[in-house]
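Reading through the structure tokens given below for one structure.
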Amino acid sequence: MLTITLPDGSTRTYEQSTLTGADIAQSIGRRLAADAIGVLIDGQLHDLTYPITHDAKVAIVTAKTDDPNAMYLLRHSTAHVMAEAITDLFPDVKLAYGPPVEGGFYYDMESATPITEADFPRIEKRMAEIAKENRPFTRYELPQNDAMAALERQGNPYKLDNARRAIEQDPHAVISFYATGEPGKNWEDLCRGPHLPSTGRIGAFKVTSVAGAYWHGDASKQQLQRVYGIAFFSQAQLDEYVHQQEEAKKRDHRVLGKQLELFTISPLVGSGLILWMPRGGVIRQELETFMREQLALRGYSAVYTPHIGHIDLYKTSGHYPYYKDSQFPTIKMSQRDPDDQSEYLLKPMNCPHHIQIYAAHPRSYRDLPIRLAEFGTVYRFEQSGELSGMTRVRGFTQDDAHLFCTPEQVEQELVSTLDMVLLVLKTLGFQDYQCRVSLRDPASDKYAGDPQLWDRAENTLRRIVAGSGIKSVEAVGEAAFYGPKLDFLVRDVIGRQWQLGTVQLDYVLPERFGLEYIGSDNQPHRPVMIHRAPFGSMERFTGILIEHFAGAFPAWLAPVQASVLTISEKFLDYGREVLSALQAAGIRADMDTASDKIGAKIRRSRELKTPYMLIVGGKEQENRAVSVRTRKDRDLGSVPLDEFIRRLREEITSRSVQSLMID
RNA sequence: GCCGAUGUAGCUCAACGGCAGAGCAACGGUUUUGUAAACCGUAGGUUGUGGGUUCGAAUCCCACCAUCGGCUCCA
């Protein structure tokens with residue numbers, strides 16, 4: 001007899017000694033039995049037919065899009081169906097690994113003939129046939145020896161390796177296979193499961209893309225083909241997904257950057273090198289002004305350093321050996337003078353330069369903390385395949401600063417620095433970000449410095465984050481080589497995660513450069529460094545910001561804050577008067593002087609996402625007013641010109657994310 | 001860097017071995033307009049670059065450059 005506890009806390013007893021999720025669903029109701037696709041047994045996801053042999057907490061999983069377990073079953077099962085379809089069409093493929101992932105699933109495989117997008121329709125057609133056949137996913141298990149022997153016979157090195165790794169990890173691992181239909185008769189695959197009851201439960205799917213991927217993510221290993229797909233329980237959900245993807249594409253900063261004339265990239269200048277156009281320049285300048293205000297309020301000193309540095313500087317800092325391959329090649333002075341063996345590097349970071357400013361003369365404990373800030377432009381030779389719009393580039397400007405302080409001051413400086421990062425995110429209305437506490441990987445030897453200092457630094461960061469109350473995740477192996485850090489991550493419109501602001505704690509570089517200050521005991525001491533950049537890179541931050549606002553920037557950032565649209569050329573004189581008044585008040589304004597009708601002017605202004613359209617005609621001229629329309633199509637009616645200017649100025653100076661004029 | 005795809009007018013796209021086109025933008029003219037595209041016209045191109053195949057190449061092949069989707073990397 002078995003006692004089963006259901007999610008609502010109720011219990012049911014069953015006479016059988018073994019039981020399945022399907023039995024339980026059936027006993028609860030016919031409807032649930034029909035909807036059931038899997039089962040959680042004591043929190044573990046299993047097939048509906050998995051035998052339950054002891055008392056357990058059981059939850060029936062049904063085909064719901066918002067249930068991650070349901071989506072796991074669906075996508076994992078669809079990956080199998082896709083793999084079967086591909087093996088039918090490309091008999092030479094050797095399957096490797098096919099998991100569900102966030103936003104879909106993929107299957108890695110080795111294939112002599114490349115699979116391309118042109119093959120997707122017939123793959124999908126074959127998948128549809130398999131789904132229509134409604135074959136059950138049938139699990140069977142083999143003793144390890146038999147399983148390995150079976151895999152040997154199949155001659156697939158990847159599957160063999162998968163099984164071997166599973167056994168290595170857990171000597172008692174159960175080796176299971178899933179047949180899509182009947183074992184021995186239909187297609188089958190080494191697989192841990194679980195799966196949907198049958199292929200007919202797959203509602204709608206799409207093969208989305210194909211790409212190269214390394215076996216076990218190791219670039220030195222064989223490259224496989226990775227075919228990506230997506231699946232939903234219904235066609236309507238798939239249609240919705242496709243629609244969302246299309247909408248997301250319109251928000252892509254590369255699309256909007258072109259459309260709104262914010263930035264451009266010229267192959268003649270070079271890949272990954274951003275040219276800020278006037279409209280984008282406004283945004284950057286406003287962000288920098290905002291930051292400079294904060295620096296002044298928080299006791300920072302502005303410094304300026306050159307774009308190149310002697311290579312020995314980076315050998316001393318330790319950057320050079322670590323990042324040799326991702327730097328622009330060195331400038332060899334021997335090309336000019338054979339006797340001069342020195343080399344210069346386009347600077348990949350600002351800290352060594354700032355360190356030299358600190359080291360320029362002796363420091364007293366009374367001088368600390370010293371906070372050196374610079375919008376410093378750095379150059380890194382990113383791999384060609386990695387470049388992406390403004391978010392991954394080869395030249396970018398960090399809103400960088402380095403804080404030199406006593407060990408006692410570290411905590412206070414970190415708190416204040418973290419506050420600054422959070423202020424930036426708050427001011428720009430970012431809510432959907434992640435704070436990652438990036439720690440060292442104790443198993444790796446890439447980290448410099450004393451492990452005790454590392455422990456201390458990591459614990460300090462943990463304490464600061466805990467004290468701030470922000471949500472965070474720890475990530476082992478994500479630290480810089482010189483210290484642990486707090487990274488603030490956001491996603492772009494196509495789901496890629498990017499690091500924006502960062503706060504890094506560093507005991508290593510002061511050591512390497514032999515930095516000192518004289519303490520109250522009249523003895524030399526070693527300062528501690530904090531590296532911090534609330535925006536991170538101006539390029540990346542702006543790119544993400546474009547997507548965050550979908551190009552509709554708040555007034556304080558908008559390239560043009562208000563556009564004067566005249567009803568006809570008869571009102572050009574009044575339009576010019578309005579324009580001058582706006583400009584005299586420090587508002588970025590322009591005027592559409594075309595002979596088009598007002599509808600066309602509104603349309604153009606909307607496309608540029610200008611916050612306010614000021615429509616002026618006879619009525620407005622008479623009352624020295626403007627008719628205000630927002631880019632969101634709110635008609636605020638006629639507003640006296642002076643009042644509009646006053647209200648817009650308030651919106652701008654308060655750096656409001658929202659329009660203050662929508663009542 | 002690796003795998004795959006894609007490069008045609010400022011932008012979005014068509015032509016897919018046989019005369020390189022459209023819409024928008026630009027420019028000129030007409031219109032003088034009241035809240036998401038007035039009308040007519042003009043101009044705009046060595047089809048990313050360089051080779052090759054062919055009577056003939058935007059179209060087929062090769063190399064390079066760039067972009068896109070992934071992988072790897074990311075101080």
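A, B, ... follow the sequence lines: proteins, then strands. Residue 1 opens every chain.
- Residue A:Ser384 places no side-chain atom within donor-acceptor reach of the base of B:rA66, judged by atom type and a 3.5 Å distance cut-off alone.
- A salt bridge is absent between A:Lys250 and A:Glu246; no separation between the charged side-chain nitrogens and carboxylate oxygens falls under 4.0 Å.
- Using a 4.0 Å heavy-atom cutoff across all strands shown, A:Glu620 reaches at least one base atom of the nucleic acid.
- Residue A:Ser271 is in sugar-phosphate contact alone, with no base atom involved, counting any heavy-atom pair closer than 4.0 Å across all strands shown.
- Remark: ring of A:Tyr323 stacked against base of B:rA75; centroid gap under 5.5 Å, plane tilt under 30°.
- Nucleic acid contact for A:Gln327: base, since at least one base atom lies under 4.0 Å from a heavy atom of the residue.
- Across the C1' atoms, B:rA9 and B:rG21 are found 10 Å apart, a figure rounded to whole Å.
- Across all strands shown, A:Ile115 has no heavy atoms under 4.0 Å from either base or sugar-phosphate atoms.
- The shortest distance between the side-chain N/O atoms of A:Arg603 and the OP1/OP2 oxygens of B:rU35 is not below 4.0 Å.
- Here A:Tyr482 lies in heavy-atom contact (under 4.0 Å) with sugar-phosphate atoms only.
- When atom types are taken as modelled, the side chain of A:His531 and the backbone of A:Cys351 share no donor-acceptor pair closer than 3.5 angstrom.
- Within the 4.0 angstrom heavy-atom criterion, no nucleotide atom of any strand lies near A:Lys601.
- Residue contacts for A:Thr208: at a heavy-atom cut-off of 4.0 Å it reaches no nucleic acid atom on any strand shown.
- Under 4.0 angstrom from either OP1 or OP2 of B:rU33 there lies at least one side-chain N or O belonging to A:Lys570.
- Counting any heavy atom pair closer than 4.0 Å across all strands shown, A:Ile615 reaches a base atom.
- At distances below 3.5 Å, not a single donor-acceptor pair connects side-chain atoms of A:Thr502 with backbone N or O atoms of A:Arg532.
- Note on A:Gln383: a base of the nucleic acid sits closer than 4.0 angstrom, heavy atoms only.
- When each of A:Pro114 and A:Arg629 is assigned the nucleotide of RNA chain B bearing its nearest heavy atom, the one mapping closer to the 5' terminus is A:Pro114.
- Within 4.0 Å of A:Gly617, counting heavy atoms only, lies at least one base atom of the nucleic acid.
- One N or O donor and one acceptor, one from the side chain of A:Tyr214 and one from the base of B:rG1, sit under 3.5 Å apart.
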